[in-house]
Amino acid sequence: MPEAFEREFFAAPATIVAPLLLGALLTHESDEGAVTVRLTEVEAYLGDGTDPGSHAFRGRTKRNAVMFEEPGHLYAYFTYGMHVCANVACSPAGEASGVLMRGGEIVDGLELARSRRRTAKRDTELARGPARLATAVGIRLTDNGADLLDGPFRLDRGAVPDQIAAGPRTGLSGEGGSASFAWRYWIPSDPTVSPYKRHKTAHD
DNA sequence: TTAAGGATTGACT
DNA sequence: GTCAATCCTTAAT
């Protein structure tokens, strides 16, 4: 039986929490069944005005309100007209930061994940990429604000990875700005880490 | 009220 | 490798 994270664990800035979430197990139970994903890739986003890439950069809005409230909740948002991405809200209530779950390995509920991700040719593609992960686990826009420590969602400690890599975040504009911070963390050599836009990492 | 753009993916050349 | 799809959120009229 895995050990669940405590609320307090998420009351730290996302840059602290993010690398510690690698290897963690996110489970979502719905009418269709349960799916569990082991996180292999995450990104941190701050909200104190220092991080232009963050949705919380310009302060609290209707969309990002969850990030400013109690930590350990799900911040799900809609993007590109068709995709949902899932974050874990971090920092104490009143402060905003979040960890974007970018990739993972499906370790339970494989059949259900496959049926949700028809276009995936291999199991390693089921949750490789933020919107894919959200789809495979069954996260919808209406799940925004859900508690990740109680209810249909659960976030448990998993085996700590042997190695952790850090590098620039992906998909953000403004090279001279926050895109150059090493706030993306992943498990090296894991096949479920998304390969996108890795144009100027200083390692691998 | 309207317009611009996005923490991406999948299809196609 | 390139590019269209598609609609919600935000900021500007």
* To do: Can you sort out which residues in residues 55-71 of chain A have a heavy atom within less than 4.0 Å of DNA chain C? Ascending by number, please.
  => A:R58, A:T61, A:R63
* **Partner residues of A:D190 under the side-chain contact (heavy atoms from CB on, under 4.5 Å) criterion, sequence neighbours left out** => A:R38, A:T40, A:I187, A:T192, A:V193
* Asked: What do you reckon, are the aromatic ring centroids of A:Y77 and A:H55 less than 6.0 Å apart?
  ->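 Centroid distance A:Y77-A:H55: below 6.0 Å, so yes.
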Return the value, rounded to whole Å, for the distance between atom [atom1] of [X] and atom [atom2] of [N].
X	N	atom1	atom2	answer
A:E43	B:dG6	CD	P	16 Å
A:L133	B:dT9	CG	C1'	14 Å
A:M82	B:dG5	CE	C1'	13 Å
A:R102	B:dT8	CZ	C1'	9 Å
A:R116	B:dT9	CZ	P	17 Å
A:Y77	B:dG6	OH	P	12 Å
A:D51	B:dA7	CG	P	11 Å
A:E125	B:dT8	CD	P	17 Å

* Asked: Counting a pair only when it is Watson-Crick or G-U and both distances are under 3.5 Å, which runs of at least 3 such pairs involve DNA chain C?
  ->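 Looking at DNA chain C, the stems formed by three or more consecutive pairs are B:1-6 with C:7-12, B:8-12 with C:1-5.
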* Is any NZ, NE, NH1 or NH2 atom of the basic residue among A:R114 and A:E125 found under 4.0 Å from an Asp or Glu carboxylate oxygen of the other? -> no
* If you measure from the Lys or Arg side-chain nitrogens to the Asp or Glu carboxylate oxygens, is any gap between A:R157 and A:E6 under 4.0 Å? -> yes
* To do: Any chance you could pull the hydrophobic cluster mates of A:M82, using side-chain heavy atoms under 4.5 angstrom and chaining through other members?
  =>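 Joined to A:M82, directly or through intermediates: none.
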* Asked: Hydrophobic cluster mates of A:L25, side-chain heavy atoms under 4.5 angstrom, ILVMFWY only, any path?
  ->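 Taking Ile, Leu, Val, Met, Phe, Trp and Tyr as members, A:L25 shares its hydrophobic cluster with A:V107.
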* Taking atom CZ of A:R60 as the centre, report whether more than 12 heavy atoms of other residues, nucleotides or ligands fall under 6.0 Å from it. => yes
* Below 4.0 angstrom from OP1 or OP2 of B:dT8, is there any side-chain N or O of A:T79? -> no
* Asked: Does OP1 or OP2 of B:dG10 have a side-chain N or O of A:R132 closer than 4.0 Å?
  ->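 Checking B:dG10 against A:R132, a side-chain N or O does come within under 4.0 Å of OP1 or OP2.
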* For A:L20 and A:F5, work out which heavy atoms get closest and say how close. => O-CZ, 4.4 Å
* Considering all heavy atoms of both residues, which atom of A:V84 and which atom of A:A134 are nearest to each other, and what is their separation? ->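 So the two residues come closest at O-CB, 3.2 Å.
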* To do: Give one of base, sugar-phosphate or nothing for A:R117, where a contact means two heavy atoms less than 4.0 Å apart.
  =>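 Result for A:R117 = sugar-phosphate.
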* Under 4.0 Å from any heavy atom of chain A: name the first and the last nucleotide of DNA chain C that qualifies, 5' to 3'. => C:dA5 to C:dA11
* To do: Check the side chains of A:S194 and A:E41 for a donor-acceptor pair under 3.5 angstrom, ignoring hydrogens and angles.
  =>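 Short answer, yes.
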* **Approximate separation, where rounding is to 0.5 Å, of A:L148 CG and A:R154 CZ** => 11.5 Å
